[in-house]
Number of protein chains: 2
Amino acid sequence: MSASFAYATPRPRLEILPRPVGPAYADPALSFEADEEIFAEGEPARYLYRLVSGLVRSCGFDAEGRRYIDRFYRVGDVFGIEDSAEHEFSAEAVTDCVVVPWRRRAVEAEAGRDEAVAKLLLGMATQAMAKARAHARLLARASAPQKLAHFLLELTPPGAGELELAMARQDIADYLGTTIETVSRMLCQLEREHVIEMPVARRIRLRNRAALAALAG
Amino acid sequence: MSASFAYATPRPRLEILPRPVGPAYADPALSFEADEEIFAEGEPARYLYRLVSGLVRSCGFDAEGRRYIDRFYRVGDVFGIEDSAEHEFSAEAVTDCVVVPWRRRAVEAEAGRDEAVAKLLLGMATQAMAKARAHARLLARASAPQKLAHFLLELTPPGAGELELAMARQDIADYLGTTIETVSRMLCQLEREHVIEMPVARRIRLRNRAALAALAG
DNA sequence: CGAGAGATTGACTGCGGTCAAAAAGCGTGG
DNA sequence: CCACGCTTTTTGACCGCAGTCAATCTCTCG
């Protein structure tokens, strides 16, 4: 990797916040600053995390140092669910954020006693599976314009026509398996075609959702 | 899509085999011929299926008719697990095969009563999630040679050095998000470099596993 | 207001896709 | 068992999308 792009510089400042009401398996909330690492690839997966505020990315790095972003987690999402004993991806704060850690062992034990918890856990796992499958499908078959269209639709709730991008172009590129240049080109092209508007780089207004949907295929 | 490649022509010939010993939620086994459809994308997901013999592909088709293969299922695998009420991919027999259908409702009910079943179900879901994530990562970042190297290693158990490909080049291409031509070129190149041997197209002997692993990254 | 990070734009290149044709398997029937 | 025909695979030539490298522009924040 060239030195032109510096990745997260993790400074572990795990400030303990007042403990909110929560299930028995929940530990006190933790807060992280933007670009701080929450857990690392290969680290023992002893906790699940419920995202209370902010945005988190699940990502990995290959031998050449290139980053791949598996998923973004939004408020309410639970991340850190694994099949193995270790995390298969790192988790990093995209923005400042607050998470509630759930002790994995305790959650699993509770699932054995409480059917509702078991259902919750299964639901989170199947949802994660479905998301990962859809993402793989996108990466396998979509062209760059299609990827961007899909990404914008994924981020914009059915109602709203405007969104604030919390993540940088590099994050988008690493999520879509492409490059910042291509992301930039596609977004600018969409703006020229009046499909979107970008008053500033991080703010996007959807002008023609139908056109986006058609592009996404 | 050009007319040069004909996909599966499903002829539903669901022969009922003698019922093997199995859990209460299992229905009698079904057998399918090569290229028969087991279930279709969008169809209500009322069953899970345990693969008893043969090979199955989980796949979808885009607007242009291009196929994407999400996963291959091997003997012992359970497929058809979904987050939603409908199947998000089709399942097709790659070779002749036999499956045992499990009634989804019954499995889920049993999971509520029997912790072991709940654990089994959760384990299958998290494993499917992990597989899908790994696949997405491969599709996002790997070059064509890397994809092929990864594929060969994925198919070859640690011990064995030889494998019989049950699937066609088109299946491999659709699984790796590439084309038959590229698959063919990469395999032939690997053979020229003495990394593998191909006495016939469907039989591959790994000559230099370390080189493959290095390629896969 | 200045510095530095982040985003855009442009020129060029190369990997892998597309189209086309030849070769190799493989099953079927004489 | 061999010959034929169809399918699958390989090979070749060419091209286009998106990656790379590099320069410029534009925010944001101190």
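Sequence lines set the chain letters: A, B, ... in the order given, protein chains first and strands last, and positions in each chain run from 1.
Across A:A173 and B:R141, no two heavy atoms sit closer than the pair O-NH2, 4.4 Å. What you find for A:F72 and A:D77 is that their closest heavy atoms are O-OD2, 4.3 Å. Of all the heavy atoms in B:L48 and B:L121, the pair that sits closest is CD1-CD1, 4.0 Å. Between B:P101 and B:P28, the shortest heavy-atom distance links the atoms CD-O, 3.2 Å.
Going from atom CG of A:D171 over to atom P of C:dA7 covers 9 Å, rounded to whole Å. B:R202 places its CZ atom 13 Å from the C1' atom of C:dA24, with the value rounded to the nearest Å. Between the NZ atom of B:K147 and the P atom of C:dG16 there is a distance of 8 Å, rounded to whole Å. Nucleotide D:dC17 holds its C1' atom 16 Å from the CZ atom of A:R141, rounded to whole Å. The CD1-C1' distance, from A:I196 to C:dA7, rounds to 14 Å in whole Å. The interatomic distance linking B:L190 (CG) with D:dT10 (C1') rounds to 15 Å, in whole Å. Rounded to whole angstrom, the span from the CZ atom of A:R203 across to the P atom of C:dG6 amounts to 20 Å. The CD-C1' distance, from A:E64 to D:dG19, rounds to 14 Å in whole Å.
A donor-acceptor pair shorter than 3.5 Å cannot be found between the side chains of A:H87 and A:E43.
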Derivation of the salt bridge (charged side-chain N to carboxylate O under 4.0 Å, His left out) call for B:R66 and B:D174: CA-CA 8 Å; B:R66 287 186 315 166; B:D174 292 345; over 6 Å; no
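OP1 or OP2 of D:dG19 sits under 4.0 Å from a side-chain N or O of A:T178.
Between A:Y47 and A:F39, the gap from one ring centroid to the other reaches at least 6.0 Å.
Along DNA chain D, the nucleotide nearest B:R169 and the nucleotide nearest A:A142 are compared for position; the residue whose nucleotide lies closer to the 5' end is B:R169.
At the heavy-atom level, A:P145 lies under 4.0 Å from the strands shown only through sugar-phosphate atoms.
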What does the list of N/O pairs under 3.5 Å between the protein and nucleotides 11-13 of chain D look like, with a distance for each?
unit_1	atom_1	unit_2	atom_2	d
D:dG12	N7	B:R185	NH1	3.1

